[in-house]
Every structure is written in structure tokens, then in C-alpha cells.
**Q** 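Sharing a structure here in C-alpha cells format.
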Amino acid sequence: MNTGPVVIVTGASGGTGNALALAYAQKGFSVAAVDQDEAGLKRLESMWQPWYPEYASFPGDLADPEFLLFLVDSVVKKWGRIDVLINNAAWRTLETLRTISMDNWEKTIRICLTAPAFLTKYVCKEMEAANIKGVVINIGSV
């Protein structure tokens, strides 16, 4: 089991998430990279693996509440702790309020609001149980 710090980065296969995950890896963190883009996570893993072996990818849909629980449980089982959660993933559709469908509205809310809130809830529960003074970083953009 890992004894160093662990970070979860959502939206890890994209620009900001990728850069954050790499920066934390360079600082000695074990990185749990999360994204629904499985191919992007595999590219990231193939580029990093020789230099940063404490890396695991978790492809999945943050709009799925079961995936959130699976993610936190898997990271704790793999490394025994979580020190940092970076809620970076986002999803949007280029529609107006007049044209947006209920499905797209709900997906936006689930990924941009619900997932970060409940990931924070689940991660903080683990941090508290392990007596870790961790950090949660929420990233937003326009």
C-alpha cells in the first residue's frame, strides 16, 4: 500500500485536468485520473507510466451516482487514503434555455454540481476517518 499522498483529478484527460494530474505526479502524489474519455486516459497513462508509476485511470460517468461511490472506494482500496480531490470535470451543451432539452439540462447539473458535491462528501468522509487534513479544489470556467 502507498504511503505517499493521493490525489483524485476529475476531467483528467483534458487540458487543465491533464496538467494538474501531471503537476501532482511530479510532486510525488499517486494520481487517480478520472474521465469518461477512456481513450484519453489510456494516452495519459502510456505517456506517464515509465516516469510516474503511481497512476491509475478510472474511466466513468460522473453523472452516475454509483460511479462516484465506486471511484472513492477503489482509490481507498488501492492506496489507502485520499489527500486531495480536484473537481475539474465539466460538461455543457451549446444551447439556449429556449432550446435545451431536459436530458441535457439534467446532465449539466449532475456533472457540474451534483458530482462535485457528492464526491466531496464521500472523499471528506474518508479523509475524516483516516484523520487526514485534506484539500478539495473546485474548478469552474466560463
Side-chain angles (χ1 to χ4, degrees), residues 1-95 97 99-142:
M1 186 168 302
N2 179 49
T3 58
V6 177
V7 61
I8 297 175
V9 181
T10 68
S13 73
T16 301
N18 190 321
L20 285 165
L22 180 58
Y24 274 85
Q26 289 171 337
K27 294 290 185 185
F29 280 70
S30 297
V31 175
V34 183
D35 207 297
Q36 69 179 23
D37 178 5
E38 191 168 355
L41 289 174
K42 286 190 185 303
R43 278 192 309 276
L44 187 63
E45 185 171 4
S46 69
M47 291 185 315
W48 286 22
Q49 205 60 44
W51 296 281
Y52 307 108
E54 290 299 321
Y55 169 91
S57 61
F58 294 91
D61 184 0
L62 293 172
D64 176 3
E66 295 300 316
F67 176 70
L68 303 178
L69 289 166
F70 164 80
L71 170 64
V72 173
D73 186 53
S74 297
V75 172
V76 171
K77 281 181 181 171
K78 180 167 182 60
W79 288 307
R81 63 186 296 139
I82 301 169
D83 298 89
V84 178
L85 167 63
I86 301 177
N87 288 310
N88 172 65
W91 185 87
R92 70 181 181 126
T93 179
L94 295 175
E95 296 179 75
L97 192 53
T99 62
I100 195 167
S101 69
M102 184 63 77
D103 287 342
N104 282 344
W105 175 263
E106 288 177 355
K107 183 175 180 178
T108 302
I109 297 299
R110 283 190 178 167
I111 292 174
C112 296
L113 295 176
T114 305
F118 280 82
L119 264 179
T120 299
K121 174 183 177 173
Y122 302 146
V123 166
C124 287
K125 180 181 176 186
E126 294 296 332
M127 288 175 176
E128 187 175 84
N131 200 27
I132 293 172
K133 290 181 169 59
V135 175
V136 176
I137 300 170
N138 296 307
I139 296 177
S141 66
V142 176

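Residue numbers run from 1 in the order of the sequence given. Worth saying up front: this structure is predicted, and the values here are computed from it rather than measured.
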**Q** Take F29 and V6 through the test side chain to side chain contact (heavy atoms under 4.5 Å, CB included) and record every step on the way to the result.
**A** CA-CA 5 Å; F29 280 70; V6 177; 5.8 Å; no
**Q** For I86, which of N138, T16, I137, T10 qualifies under side-chain contact (heavy atoms from CB on, under 4.5 Å)?
**A** I137
**Q** Starting from the C-alpha separation in whole Å, work towards a yes-or-no answer on side chain to side chain contact (heavy atoms under 4.5 Å, CB included) for L62 and W91.
**A** CA-CA 10 Å; L62 293 172; W91 185 87; over 6 Å; no
**Q** Using the rule given for side chain to side chain contact (heavy atoms under 4.5 Å, CB included), can you reason through I82 versus I132, listing the C-alpha separation, both sets of side-chain angles and the distance that settles it, and then say yes or no?
**A** CA-CA 8 Å; I82 301 169; I132 293 172; over 6 Å; no
**Q** For the OG1 atom of T93 and the NZ atom of K107, what is their distance to the nearest 0.5 Å?
**A** 9.0 Å
**Q** Roughly how far, to the nearest 0.5 Å, is CD of E54 from NZ of K78?
**A** 6.5 Å
**Q** Which heavy atom of V136 sits nearest a heavy atom of C124, and at what distance?
**A** CG2-SG, 4.1 Å
**Q** With a 4.5 Å heavy-atom cut-off, do I100 and W105 have their side chains touching?
**A** yes
**Q** Would you mind reporting whether L71 and Y122 have side-chain heavy atoms less than 4.5 Å apart?
**A** no
**Q** If I take atom NZ from residue K121 and atom CG from residue L68, how far apart are they, to the nearest 0.5 angstrom?
**A** 11.5 Å
**Q** Nearest 0.5 angstrom please: I8 CD1 to E126 CD, how far?
**A** 9.5 Å
**Q** Can you name the closest pair of heavy atoms from E95 and N104 and give their distance?
**A** OE2-ND2, 2.7 Å
**Q** What is the minimum heavy-atom distance between R81 and D83, and which atoms define it?
**A** NH2-OD2, 2.6 Å
**Q** Of the non-hydrogen atoms in P5 and G28, which two are nearest, and what is the gap between them?
**A** CD-O, 4.2 Å
**Q** Within the distance-only criterion (no hydrogens, no angle test), does the side chain of N88 pair as donor or acceptor with the backbone N or O of V9 below 3.5 angstrom?
**A** no
**Q** For the atom pair OG1 (T108) and CD (E106), what is the distance rounded to the nearest 0.5 Å?
**A** 10.0 Å
**Q** Is the number of heavy atoms from other residues, nucleotides or ligands under 6.0 Å of E128 CD greater than 12?
**A** no
**Q** Give the minimum heavy-atom separation between A21 and V31, together with the two atoms involved.
**A** O-CG2, 3.6 Å
**Q** Quick one: pull up CG in N87 and CG in L113 and give me the separation to the nearest 0.5 Å.
**A** 11.0 Å
**Q** Between F58 and F70, which heavy-atom pair has the shortest distance, and what is it?
**A** CD2-CE2, 4.4 Å
**Q** Which residues satisfy the side chain to side chain contact (heavy atoms under 4.5 Å, CB included) test with D35, sequence neighbours excluded?
**A** S13, D37, L41
**Q** Within a radius of less than 6.0 Å around CZ of F118, do more than 12 heavy atoms belonging to other residues, nucleotides or ligands occur?
**A** no
**Q** The test is side chain to side chain contact (heavy atoms under 4.5 Å, CB included); show your working for W79 and V7 and say whether it passes.
**A** CA-CA 10 Å; W79 288 307; V7 61; over 6 Å; no
